[in-house]
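Residues: numbered from 1 along the sequence shown.
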Amino acid sequence: MSGLRALIWDVDGTLAETECDGHRIAFNQAFEAAGLDWHWDDSRYGELLAVTGGRERLLHDMATRDDAPPQAAQRESLAAQLHRHKNEAYAALVREGRIALRDGVAALMQECREQGVRMAIATTTSASNVDALLRSQLGDGWTAAFSAVVCGADVQRKKPDPEVYRRVLEALAIAPSEALALEDSPDGASAATAAGIAVVVTRSRYFASAPIPTALAIGPGLHRRDGWQPALAGAGGTGARVGLADLRSLMAGRCARAVSHRAS
Ligand code: XBP
Ligand code: MG
């Protein structure tokens, strides 16, 4: 049985609720700045999150519009322009302190540091967005806390493809069984699972009830021990929140199940 050597964090929805009050607002600001009468409301944005990657999301939306440029090359160029503007607007929102880490995230990060569990990031979002968010939340030296950071532009294929997780494992030089991923979305969980990594899901606003059958456990957030499937054992050792002891025990349960399947 392998121990937990690294915790791999997804960013949007997992580290912070960045989508509704961050990326969505910033996309709408980019539309306005470009003189476009386009607006993504909460419900439309929820649908569009089925497309991973902001530029890809823009192109997908354009394909449904009569008022988008007719030629593919024009759409690509408009999507690139809007996406650049969106990321600048997102960074500005984050710098204003509009987006905080989700409850329980900082405490689990601190536990990782204390217990020598390395941390990494596996995200679809742009590196500039990760930098803006973590600089605002963890300070200028945030990169020192992470042994690997793999973002959207670093891979050929975004989540649900496992490439981003495989790249993280390579950078950490560990086996999939030695890592645990923290995710919030079906595509994110599929990506980690396809890379052979166990996934714990903390429910986020837009994926509050999405089926995520591959998750080792699903719960409302790292800040509480109730509402988890499967139920967390009483003695997590960290009081009211989810801690490394819980994650290790979930991983041990997964190994025990794998062994009993092999034996039967
Ligand atoms: C979430 C995404 C991203 C963000 C926007 O990534 O799919 O596209 O919505 O960021 P994850 P970009 O959950 O893997 O962190 O515009 O930079 O793509
Ligand atoms: Mg996510």
Side-chain angles (χ1 to χ4, degrees), residues 1-16 18-19 49-54 56-57 102 105 108-109 112 116-127 129-130 134 143 145-204 206-207 210-219 222 229-230 242 244 246-259 261-262:
M1 183 174 82
S2 310
L4 175 61
R5 294 181 64 196
L7 199 60
I8 310 176
W9 296 90
D10 167 52
V11 174
D12 298 297
T14 303
L15 282 182
T18 53
E19 295 290 7
L49 280 179
V51 181
T52 53
E56 292 83 349
R57 197 167 297 143
R102 288 183 63 180
V105 166
L108 187 58
M109 286 182 171
C112 285
V117 172
R118 285 188 293 166
M119 292 195 289
I121 284 177
T123 178
T124 291
T125 204
S126 311
N129 298 335
V130 179
L134 292 185
T143 52
F146 297 90
S147 304
V149 178
V150 182
C151 301
D154 300 326
V155 295
Q156 299 287 319
R157 290 166 305 277
K158 293 182 171 156
K159 298 174 188 176
D161 192 280
E163 187 180 353
V164 66
Y165 277 102
R166 292 198 175 127
R167 293 281 305 279
V168 166
L169 291 175
E170 273 164 31
L172 298 175
I174 59 172
S177 59
E178 296 174 313
L180 185 76
L182 287 168
E183 274 284 355
D184 70 304
S185 70
D187 282 338
S190 297
T193 305
I197 302 170
V199 197
V200 167
V201 170
T202 51
R203 289 289 194 189
S204 63
Y206 285 114
F207 300 106
I212 309 186
T214 58
L216 188 57
I218 305 189
L222 294 170
Q229 287 286 334
V242 178
L244 280 178
D246 298 300
L247 302 183
R248 287 197 175 98
S249 135
L250 287 166
M251 282 178 81
R254 178 199 197 216
C255 287
R257 279 197 301 280
V259 169
H261 279 146
R262 275 201 297 275

>> With side chain to side chain contact (heavy atoms under 4.5 Å, CB included) as the criterion, how do Val200 and Leu247 come out once you've worked through the C-alpha distance, each side chain's angles and the decisive distance to 0.1 Å?
In response: CA-CA 8 Å; Val200 167; Leu247 302 183; 4.2 Å; yes

>> Can you confirm whether Thr125 sits close enough to Cys151 that some side-chain heavy atom of one is under 4.5 Å from a side-chain heavy atom of the other?
In response: no

>> Please evaluate residues Val155 and Thr124 with respect to the criterion side chain to side chain contact (heavy atoms under 4.5 Å, CB included), reporting the C-alpha separation (whole Å), side-chain torsions for both, the decisive distance (0.1 Å), and the verdict.
In response: CA-CA 9 Å; Val155 295; Thr124 291; over 6 Å; no

> Excluding sequence neighbours, so at least two apart, what forms side chain to side chain contact (heavy atoms under 4.5 Å, CB included) with Thr18?
Replying inline: Asp12, Ala16, His23, Tyr90, Ile99, Leu133

> Does Arg248 use its side chain to pair, donor to acceptor, with the backbone of Gly3 at less than 3.5 Å?
Replying inline: no

>> Looking at every non-hydrogen atom in both residues, tell me the closest pair between Gly188 and Tyr165 and how far apart they are.
In response: O-CE1, 3.9 Å

> For Asn129 and Val11, what are the C-alpha separation, side-chain angles and deciding distance, and is it a side chain to side chain contact (heavy atoms under 4.5 Å, CB included)?
Replying inline: CA-CA 9 Å; Asn129 298 335; Val11 174; over 6 Å; no

>> Please find the pair of heavy atoms, one from Arg57 and one from Thr52, that lie closest to each other, and give the distance.
In response: NH2-CA, 3.9 Å

> Once you round to the nearest 0.5 Å, how far does CE of Met119 lie from CZ of Phe146?
Replying inline: 4.5 Å

>> Can you list everything that forms a side chain to side chain contact (heavy atoms under 4.5 Å, CB included) with Glu56? Sequence neighbours excluded, please.
In response: Val51, Lys158

> Is the shortest heavy-atom distance from the side chain of Pro176 to the side chain of Arg166 under 4.5 Å?
Replying inline: no

> From Ile121 CD1 over to Ser147 OG, what is the distance, rounded to the nearest 0.5 angstrom?
Replying inline: 10.5 Å

>> Can you give me the closest heavy-atom contact between Ala175 and Leu169, atom names plus distance?
In response: O-CD2, 4.0 Å

> Under a 4.5 Å cut-off applied to non-hydrogen side-chain atoms, are Leu108 and Trp9 in contact?
Replying inline: yes

> Can you name the closest pair of heavy atoms from Ala179 and Ile197 and give their distance?
Replying inline: O-CG2, 3.7 Å

> Who passes side chain to side chain contact (heavy atoms under 4.5 Å, CB included) against Ser185, sequence neighbours left out?
Replying inline: Glu183, Asp187, Phe207

>> Show, in sequence, the C-alpha distance, side-chain angles and deciding distance for Met251 and Leu180, and conclude whether the side chain to side chain contact (heavy atoms under 4.5 Å, CB included) test is met.
In response: CA-CA 8 Å; Met251 282 178 81; Leu180 185 76; 3.9 Å; yes

> salt bridge (Lys or Arg N to Asp or Glu O under 4.0 Å) with Arg157: which residues, sequence neighbours excluded?
Replying inline: Asp161, Glu163

Expected list for residues 189-196: side-chain donor-acceptor pairs under 3.5 angstrom, two or more places apart:
from   : atom 1 : to     : atom 2 : distance (Å)
Ser190 : OG     : Pro186 : O      : 2.9
Thr193 : OG1    : Ala189 : O      : 2.7
Thr193 : OG1    : Thr214 : OG1    : 3.2

> Partners of Arg5 by side chain to side chain contact (heavy atoms under 4.5 Å, CB included), sequence neighbours excluded?
Replying inline: Arg118, Ile174, Glu178

> Asp184 and side chain to side chain contact (heavy atoms under 4.5 Å, CB included): which partner among Leu15, Asp10, Ile212?
Replying inline: Asp10

> So, do Thr123 and Val150 sit near enough that their side-chain heavy atoms are less than 4.5 Å apart?
Replying inline: no

> Which pair of non-hydrogen atoms, one from Arg102 and one from Thr14, has the smallest distance, and what is that distance?
Replying inline: CD-O, 3.4 Å

